[in-house]
Structures are given as C-alpha cells and as structure tokens.
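Here the structure is laid out as structure tokens; the discussion comes afterwards.
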Amino acid sequence: MELFSVIVPKSLTEEREELQRRLMDAYNRLIHIPAGSVQLKSKSFRSFFSVQGFGVLPAFQLDLWGSDVLKATAEVLSAFMMDHIEQKLLREVISGPYHYEEPHDVQAIERYCAQLLNQAEETEGMPKPRIRRQEKVAQAIYGYLEEHNELNLQGLLRFRLQDYRDELREVVEYAIDEYIMDQQYQEFISLLKYFVYIQDAKIPVAHLMHHGGHEFTLLNEKMAPIETKEFDSFTVETLDREINFEDMIVSTLISVSPQNIYIHTRDPEAQVVKTIMQIFEDRARVCTNCKGCSSVLGVSNKDSLSP
C-alpha cells in the first residue's frame with residue numbers, strides 16, 4: 001500500500017541515502033507500529049529522484065497508524081529542507097534581487113542570516129527560530145500529505161510555503177542592511193586610523209579612566225585632568241550607528257594625540273574599549289588593575305596590562 005511519494009530535485013541526489021535513513025529512523029521510533037511494516041523505495045529520473053513510502057500488508061493498519069507515519073514524514077522532510085535547501089533559497093535571494101555575486105560578499109551576508117535564523121535562545125516566550133520555522137513547514141507538509149499522495153518539494157516551496165519564503169527574504173534584507181552598515185563602520189575606523197597614523201604625538205601619555213558605560217576621565221602622565229581646550233579640536237562625523245559616545249572620546253583622544261594611551265577599565269570587553277584599541281592599535285594598552293586606577297575605579301581581582 002503506497003502511503004506517499006516525495007519528488008526531490010536532482011541537485012540533492014547525494015543526500016538521498018541520508019533522507020531515507022532519517023525517515024526510517026523516524027518510523028522506527030514509532031514503537032506502537034510493528035517493525036518492518038513501513039518500507040521505502042527510491043527511483044531515479046532525469047531531473048529528480050523519488051522516495052516512496054509503503055505500508056506492508058497485512059501488518060500495517062492505515063486507519064490506526066497512517067496519520068502517525070505522515071506526521072513523522074513531514075517532520076523529517078521539514079528538517080531535511082532546513083539542512084539542505086534553506087541556504088540555497090537564501091543564496092538565490094542574495095544573488096538574485098540584490099545582485100551580490102562576489103563570494104566574500106555572499107558569504108558575509110550568509111553569516112548574518114545564520115545568526116538571525118539559528119539563534120540559540122528563546123525570546124519573549126517564542127520558540128527558537130529554527131524550531132519555529134521547522135514546525136511551520138512540517139505542518140504545511142502534513143496538511144498536504146493528508147490530501148495528496150505525491151509531494152513535489154519544489155512545488156511545495158513555490159505554491160504552499162510563500163510565508164516561509166517571505167520570512168527568508170526579510171532575513172536577507174536585514175542581513176544586507178547589517179552588512180552595509182558594518183562595511184561603512186570599518187571604512188570609518190580605517191579613516192580614523194589614518195588620522196592617528198599621520199599625526200605627530202602632542203603629549204607623551206594619556207590615562208583614560210573608564211568608569212563604566214559611556215563615562216570617562218582623561219588624565220595626563222601625572223594623573224591630573226587634561227585640559228582639552230588647549231588642543232586643536234578634531235570632530236568625528238557620526239555614522240548611522242549608535243556610537244555617539246565613542247565619537248566623543250575618540251575625537252578627544254585624536255585631538256590631544258598622546259604617544260601612549262592607557263585605558264583603565266574593569267570592563268575590557270566593552271565595545272568602546274575595543275573601538276579605541278582598534279583605532280590606536282599599538283599606541284593603546286588596557287589596564288584592568290594598577291595602583292593608579294584602583295583608587296578611582298576600585299580594586300579588581302585581576303592584575304594585568306595588555307596591548
């Protein structure tokens with residue numbers, strides 16, 4: 001008794017054995033169904049291959065177990081599509097409507113997509129994105145298999161999963177926006193690094209006390225406040241990013257142009273600290289605890305000074 005037939009594009013031929021194994025594993029987990037009562041057959045054609053599921057009579061009872069087999073089939077096919085078809089759909093959008101064709105551009109955008117689509121944590125009571133998409137696709141497949149014996153995966157994607165494709169398209173749009181902003185930000189950082197490179201040092205040392213968040217105090221080699229009005233000002237034009245507080249402290253540091261910068265902080269992983277280190281490179285060092293900053297920032301368990 002034929003239960004279903006799935007038409008799979010030829011491009012996934014190498015994954016045929018994996019698909020069949022995953023289906024059989026799923027059926028074997030249905031412990032209330034007699035072992036060997038569901039079997040698979042596969043046929044190859046010019047542009048596709050098929051996987052057919054059969055209920056072996058007289059052991060298989062359609063009215064009792066047919067729905068369970070179709071649900072298990074839908075869940076396996078949904079996971080299979082996430083693993084082997086989803087990235088291809090994303091790439092079609094990236095290189096199609098948005099015309100990104102250079103491998104490094106495509107790969108970078110795909111990484112942003114992966115971060116959005118495969119978030120590890122649940123948010124606001126919602127399931128993980130991968131699980132949500134997989135369940136949504138599985139429901140569509142199950143609903144179709146209840147009414148039809150033959151399922152064409154390409155046809156399903158084109159005519160029954162438009163919401164899923166729209167979601168992937170929105171993810172690509174967001175990923176491209178992030179990629180463009182990141183490129184602009186890196187260009188911005190490179191420009192600031194150039195200004196630092198061509199400038200002569202005006203003072204030997206600056207101590208930057210990071211009080212947390214966006215709060216800083218700038219001190220000279222004698223640990224006294226630096227009067228920035230004595231120096232020609234340097235203005236950093238902001239990008240369309242929330243880095244205004246970074247702009248202010250970076251502008252000040254470029255204006256006073258110290259030969260060496262010591263960033264005293266209890267949060268060396270803060271983005272503003274990383275940005276300053278990126279711009280000033282070997283002229284900047286991070287201190288997480290020393291005599292000079294312990295009285296200002298408090299005592300830290302760490303004792304380190306790193307380039």
Worksheet item: Considering residues, nucleotides and ligands other than Q154, do more than 12 of their heavy atoms fall under 6.0 Å from its CD?
Response: no
Practice prompt. Would you confirm whether the ring centroid of H207 sits within less than 6.0 angstrom of the ring centroid of H264?
Written response: yes
Practice prompt. Treat each ILVMFWY residue as a node, draw an edge where side-chain heavy atoms are under 4.5 Å apart, and state whether M181 and V172 are in one component.
Written response: no
Worksheet item: So K136 and D163, side-chain contact (heavy atoms from CB on, under 4.5 Å) or not? Walk me through it.
Response: CA-CA 10 Å; K136 188 175 181 180; D163 289 346; 3.7 Å; yes
Practice prompt. State whether D68 and R29 are salt-bridged, where the test is any N-O pair (Lys NZ or Arg NE/NH1/NH2 against Asp/Glu carboxylate O) under 4.0 Å.
Written response: no
Worksheet item: Would you call L19 and L77 a side-chain contact if the rule is heavy atoms closer than 4.5 Å?
Response: yes
Worksheet item: Could you give the distance from OG1 (T217) to CE (M223), rounded to the nearest 0.5 Å?
Response: 10.0 Å
Practice prompt. Output the distance between atom CE (M277) and atom CG (D282), rounded to the nearest 0.5 Å.
Written response: 9.5 Å
Fill in: side-chain hydrogen bond (donor to acceptor under 3.5 Å, both in side chains) evaluation trace for Q278 with Q186
CA-CA 10 Å; Q278 189 176 1; Q186 293 304 322; 3.3 Å; yes
Worksheet item: Within the distance-only criterion (no hydrogens, no angle test), does the side chain of K10 pair as donor or acceptor with the backbone N or O of F45 below 3.5 angstrom?
Response: no
Discussion item. Using only atom types and a distance under 3.5 Å, with no angle test, would you say the side chain of R165 pairs donor to acceptor with the backbone of L89?
Written reply: no
Item to complete: Over all heavy atoms of both residues, which pair between A26 and V76 is shortest? Give the atoms and the distance, please.
Response: CB-CG2, 3.6 Å
Item to complete: Could you check Y185 against S190 for side-chain hydrogen bond (donor to acceptor under 3.5 Å, both in side chains), going step by step and ending with a plain yes or no?
Response: CA-CA 9 Å; Y185 182 72; S190 296; over 6 Å; no
Worksheet entry | Heavy-atom side-chain contact between V8 and T13 under 4.5 Å | no
Discussion item. Once rounded to the nearest 0.5 Å, what's the spacing between atom CG of D83 and atom CG of L12?
Written reply: 11.0 Å
Discussion item. Checking D182 against Y112 for the side-chain contact (heavy atoms from CB on, under 4.5 Å) test, could you report, in this order, the C-alpha distance in whole Å, the side-chain angles of both residues, the deciding distance, and whether it holds?
Written reply: CA-CA 11 Å; D182 187 61; Y112 281 108; 3.3 Å; yes
Item to complete: Identify the heavy atoms of V256 and K202 that sit nearest to each other, and give their distance.
Response: O-CB, 3.3 Å
Discussion item. Can you confirm whether the side chains of Y27 and T73 place a donor and an acceptor under 3.5 Å from each other?
Written reply: yes
Discussion item. Just checking E14: does its CD atom have more than 12 heavy atoms from other residues, nucleotides or ligands closer to it than 6.0 angstrom?
Written reply: no
Worksheet item: Quick one: do L116 and V106 end up in the same hydrophobic cluster if we chain Ile, Leu, Val, Met, Phe, Trp and Tyr together by side-chain heavy atoms under 4.5 Å apart?
Response: yes
Practice prompt. Begin with the C-alpha distance, continue with both residues' side-chain angles, and end with the deciding distance and a verdict on side-chain contact (heavy atoms from CB on, under 4.5 Å) for V273 and D267.
Written response: CA-CA 8 Å; V273 174; D267 185 12; over 6 Å; no
Worksheet item: Is there a side-chain contact between R132 and E167, using heavy atoms and a 4.5 Å cut-off?
Response: yes
Worksheet item: Is the shortest heavy-atom distance from the side chain of I7 to the side chain of L151 under 4.5 Å?
Response: no
Worksheet item: Are the side chains of V196 and I279 in touch, meaning some heavy atoms are under 4.5 Å apart?
Response: yes
Worksheet item: Under a single-linkage definition using a 4.5 Å side-chain heavy-atom cutoff for Ile, Leu, Val, Met, Phe, Trp and Tyr, are F4 and L57 assigned to the same hydrophobic cluster?
Response: yes
Worksheet item: How close do S50 and S5 get, heavy atom to heavy atom, and via which atoms?
Response: CB-OG, 4.1 Å
Worksheet item: With side chains defined as the heavy atoms from C-beta onward, is the minimum distance between L218 and L253 less than 4.5 Å?
Response: yes
Worksheet item: Do you know the tightest heavy-atom contact between S78 and Q134?
Response: OG-O, 2.6 Å
Item to complete: Look up atom CD1 in I33 and atom CG in L64, then write down how far apart they are to the nearest 0.5 Å.
Response: 9.5 Å
Discussion item. Among R16, R22, R21, Q20, exactly one meets side chain to side chain donor-acceptor pair (under 3.5 Å) together with E18. Which residue is that?
Written reply: R22
Worksheet entry | Where V205 and P258 come nearest, the two heavy atoms and their spacing | C-CB, 4.2 Å
Worksheet item: Using the ring of each side chain (for Trp, its six-membered ring), is F216 parallel, tilted or perpendicular to H210, with breaks at 30° and 60°?
Response: parallel
Worksheet, complete the sentence: Rounded to the nearest 0.5 Å, the CD1 atom of I263 sits from the OG1 atom of T288 at a distance of 12.0 Å
Practice prompt. May I have the step-by-step check of side-chain contact (heavy atoms from CB on, under 4.5 Å) for Y98 and V93, ending in yes or no?
Written response: CA-CA 7 Å; Y98 294 99; V93 178; 3.9 Å; yes
Worksheet item: For the residue pair Y197 and Y194, is the inter-centroid distance of their aromatic rings smaller than 6.0 Å?
Response: no
Fill in: M1 reachable from V69 in the ILVMFWY side-chain graph, under 4.5 Å edges
yes
Discussion item. Please check this pair: side chain of R133 against backbone of L117, looking for a donor-acceptor N/O pair closer than 3.5 Å.
Written reply: yes
Worksheet item: With ILVMFWY side chains joined below 4.5 Å, transitively, what does V56's cluster contain besides itself?
Response: none
Item to complete: Look at the aromatic rings of Y144 and H148 and report parallel, tilted or perpendicular, splitting at 30° and 60°.
Response: parallel
Fill in: Cation-aromatic face contact R285/Y262, 6.0 Å, 45 degrees
no
Worksheet item: When you measure from the side chain of N28 to the backbone N and O of M24, does any donor-acceptor pair fall under 3.5 Å?
Response: yes
Worksheet item: Are F80 and M82 grouped together when hydrophobic residues (ILVMFWY) are joined by side-chain heavy atoms under 4.5 angstrom apart?
Response: yes
Fill in: Heavy-atom check, side chain of R169 versus side chain of E173, under 4.5 Å
yes
Item to complete: Spell out, as yes or no, whether a donor-acceptor pair under 3.5 Å connects the side chain of R91 to the backbone of Q87.
Response: no
Item to complete: Give a yes-or-no answer on whether the side chains of Y174 and E170 include a donor-acceptor pair shorter than 3.5 Å.
Response: no
Response to the item:
When rounded to the nearest 0.5 Å, the distance separating CG of L157 from NZ of K88 is 9.0 Å
Fill in: S257 side-chain N/O to I254 backbone N/O, donor-acceptor pair under 3.5 Å
no
Discussion item. Running the 4.5 Å side-chain criterion over Ile, Leu, Val, Met, Phe, Trp and Tyr, what cluster does F54 land in, apart from itself?
Written reply: none
Discussion item. Is any side-chain heavy atom of F60 closer than 4.5 Å to one of L3?
Written reply: yes
Worksheet entry | Minimum heavy-atom distance Y100-D105, with the two atoms named | CD2-CB, 3.8 Å
